[in-house]
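Input: a single structure, listed below in structure tokens.
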Amino acid sequence: MTLLKAVRGTRDLLPPETELWNRVEATARRVFTRYNFGEIRTPIFEDTQLFARSVGEETDIVSKEMYTWEDRARAQSEKSQSLTLRPENTAGVVRAYIERKLGEAGLLRKLFYIGPQFRRERPQKGRYRQFWQIGAEVIGPPSAGSESPLRDAEVLEMLASFLDELGITGWTLVLNSVGSSTDRPRYIAALREALKDKAPQMCADCQRRAETNPLRVLDCKVPEDQPIIEALPRIADHLDEDSKAHFAAVLAALDACGVPYTINPRLVRGLDYYTRTTFEFTHGGLGAQNALLGGGRYDGLSEMLGGPRAPGIGFALGLDRLILTLQASQSDAAPNLADAFIAPLGEAMNAPALTLARELRREGLRIELGDGAFRLKKSFEIGNKLARSIILLGEDEHRSGILTVKNFAAGEQVRVPRADVARHLRP
RNA sequence: GCGGCUAUAGUUCAGUGGCAGAACACCGGACUGUGGCUCCGGGUGUCGUGGGUUCAAAUCCCACUAGCCGCCCCA
């Protein structure tokens, strides 16, 4: 029989690595809560149209990387529906914002999410087909201040604090503005116009990009193409006064609070819905996947999805990559040991041992329970690997209520009244 | 989706046509109420999968699968 395996691009997360995941997620919840964000959990699959309309039909994500299937009709009256495992979470959040009328209160909504996303890409280190993202969105009616550059700066400052609090050093914040929802199409049109002449002299990838996604031409790394790219129209020259002022205000706020950044006029994001501020936090040592997180403003997204005007800004952080970065930067942690290993001496002591374990666990201690069928030597060997101390529970101890407790590191063995054991073991 | 490298024990790896190996880990014993250190014993394996060549294949050939690296793109 063929052995079943986790499907390509998916994997099992196991202890002790999952402790690190929990720590990162707990830190995100703690930090984001200080900024008054609340958690949202959207469905893991949505109507395919949601992603086609928000992320963009022409993007690689939608055109070739989605897990899409036709949900069969269960009755004559029911239509089949094209469903897709979410490739990112902003679209789902904005869909919920519209559907649940979250803007009606007239306040900003500040929502974060933690969950798996799915893209059918070629797997690589730090890139999986089921990958995890932590993200947050600030969205609301313009009257609530959702367009304010202060929101952009606040989100960026929050991310800097989050990475700092995790102990990640060496990150770089890269910023750009891709213009308002009217600037952006105008700039893309200008770019297309300029590329009509220039594209044929460029690399094959750029010739393709010129057709499908002209903004990505700016990202090209082929040396021969650089002079041509330098001569192309610049985004900065196509920003209207409001967008220029917005970007300047974001930078000023970052300067004021001391968050360092660099501006990269060529930073463009792949998703269609981005407007004005776009950003990335990058980190060395991630190979080709050097972006830890990315995000930006999406002032027109709600309207693209048929909702009210609801400008927003958000980001998505690749948890898989963040974990890699943390693992690379920290030395191997000491094994996480239980407080005690209980060794019943003889199978008659099994039930009393479970009772003792119950008492100690209710005291909040982390207890590993052995088995009376083990020879004592084996109990010591196992206990030494799993716990800081071993508690012997034989006939004597059971009768007298005086337990034998030995600390492995110190090699010290003492007799402790049962009532005092929890206090004795507590670190 | 494209190009390259790789796949042998739980792990890291050696083995390039002739009995499947090392280190660490693991299991048993020396030691029936005492771990670590020591000593003795044990290989725990569909050599990624399926074909082919050969008297003989872990080794050579083909296909497939998976991982890694780069590209595309992206978190």
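Within every chain, numbering begins at 1; the chains are lettered A, B, ... in the order of the sequence lines, protein sequences first and strands thereafter.
Remark: side-chain polar atoms of Ser379(A) are not paired, donor with acceptor, to backbone N or O of Ala343(A) under 3.5 angstrom. Looking only at distances, a side-chain donor or acceptor of Arg129(A) sits under 3.5 Å from a matching main-chain atom of Glu121(A). In this structure, the side chain of Arg120(A) does not engage the main chain of Tyr67(A) through any donor-acceptor pair within 3.5 Å. Put simply, the side chain of Asp339(A) never gets that close to the backbone of Ile367(A): no donor and acceptor are under 3.5 Å apart. Using modelled atom types, no side-chain atom of Tyr113(A) and backbone atom of Ala316(A) make a donor-acceptor pair closer than 3.5 Å.
One distance of note links OG1 of Thr10(A) with NZ of Lys5(A); it measures 10.5 Å at 0.5 Å rounding.
Among the nucleotides G67(B), C73(B), G1(B), the one closest to the side chain of Arg120(A) is G1(B).
Judged by Watson-Crick or G-U wobble contacts below 3.5 Å, the nucleotide U16(B) has no partner. Base pairing of A25(B): its partner is U44(B), meeting the Watson-Crick or G-U wobble criterion (both donor-acceptor distances under 3.5 Å). Pair check for U65(B) finds A7(B); Watson-Crick or G-U wobble, both atom distances under 3.5 Å. Shown here, A75(B) forms no base pair; nothing in the strands shown gives a Watson-Crick or G-U wobble contact with both key distances under 3.5 Å. Within the shown strands, nothing qualifies as a pairing partner of C37(B) under the Watson-Crick or G-U definition with both distances less than 3.5 Å.
Nucleotides C60(B) and U54(B) place their C1' atoms 10 Å apart, quoted to the nearest Å. A distance of about 22 Å separates the C1' atoms of G42(B) and U46(B), rounded to the whole Å. For the C1' atom pair drawn from G51(B) and G70(B), the interatomic distance equals 31 Å after rounding to whole Å. A gap of 14 Å separates the C1' atoms of G21(B) and U44(B), to the nearest Å. Across the C1' atoms, G17(B) and G4(B) are found 28 Å apart, a figure rounded to whole Å. Using C1' as the reference atom, C24(B) and G3(B) are 37 Å apart when rounded to the nearest Å. U34(B) sits 46 Å from C68(B) when the C1' atoms are compared, rounded to a whole Å. If you take atom P in U32(B) and the same atom in G45(B), they sit 29 Å apart, rounded to whole Å.
Rounded to whole angstrom, the span from the NZ atom of Lys125(A) across to the P atom of C68(B) amounts to 7 Å. Ile168(A) places its CD1 atom 17 Å from the P atom of A75(B), with the value rounded to the nearest Å. The CG-C1' distance, from Asp12(A) to A66(B), rounds to 15 Å in whole Å. Rounded to a whole Å, the NZ atom of Lys64(A) is 8 Å from the P atom of C73(B). When the C1' atom of A75(B) is taken as reference, atom CD of Gln124(A) falls 13 Å away, rounded to whole Å. One can place CG of Leu215(A) at 16 Å from P of C72(B), the figure rounded to the nearest angstrom. C73(B) atom P lies 12 Å from atom CG of Leu218(A), rounded to whole Å. One can place CZ of Phe315(A) at 13 Å from P of A75(B), the figure rounded to the nearest angstrom.
Looking at heavy-atom distances under 4.0 Å, Arg11(A) makes no contact with the nucleic acid at all. At a threshold of 4.0 angstrom between heavy atoms, the contacts of Gly346(A) with the nucleic acid are absent. Contacts of Glu121(A) with the nucleic acid, taken as non-hydrogen atoms under 4.0 Å apart, include base atoms.
Checking Arg276(A) against Ser243(A) by side-chain atom types alone, a donor-acceptor pair falls below 3.5 Å.
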Side-chain polar contacts of residues 419-426 of chain A - donor-acceptor pairs under 3.5 angstrom, sequence neighbours left out - could you list them?
| from | atom 1 | to | atom 2 | distance (Å) |
| --- | --- | --- | --- | --- |
| Asp420(A) | OD1 | Arg423(A) | NH2 | 3.2 |
| Arg426(A) | NH2 | Glu363(A) | O | 2.7 |

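In terms of position along RNA chain B, the nucleotide closest to Val7(A) lies nearer the 5' end than the nucleotide closest to the other residue of the pair Asp60(A) and Val7(A). Residues Glu65(A) and Gly9(A) each lie close to RNA chain B; by heavy-atom proximity, the contact nearer the 5' end of the strand is made by Gly9(A).
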B/S/- contact track for nucleotides 4-12 of chain B, protein heavy atom under 4.0 Å: ---------
Scan nucleotides 24-36 of chain B nucleotide by nucleotide, 5' to 3', and note B when protein non-hydrogen atoms come under 4.0 Å of the base, S if they reach only the sugar-phosphate, - if neither. --S-SS---BBBB
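What you find for Arg86(A) and Pro43(A) is that their closest heavy atoms are NH1-O, 3.4 Å.
The shortest side-chain heavy-atom distance between Met66(A) and Ile61(A) falls under the 4.5 Å cut-off.
Geometric assessment of Arg109(A) against the ring of Tyr97(A) yields a negative cation-pi assignment under the 6.0 Å and 45° thresholds.
The base of C73(B) sits within donor-acceptor range of the side chain of Arg127(A), with an N or O pair under 3.5 Å.
Between Phe32(A) and Phe112(A), the distance separating the two ring centers is shorter than 6.0 angstrom.
Checking the phosphate oxygens (OP1, OP2) of A66(B), a side-chain nitrogen or oxygen of Arg8(A) falls inside 4.0 Å.
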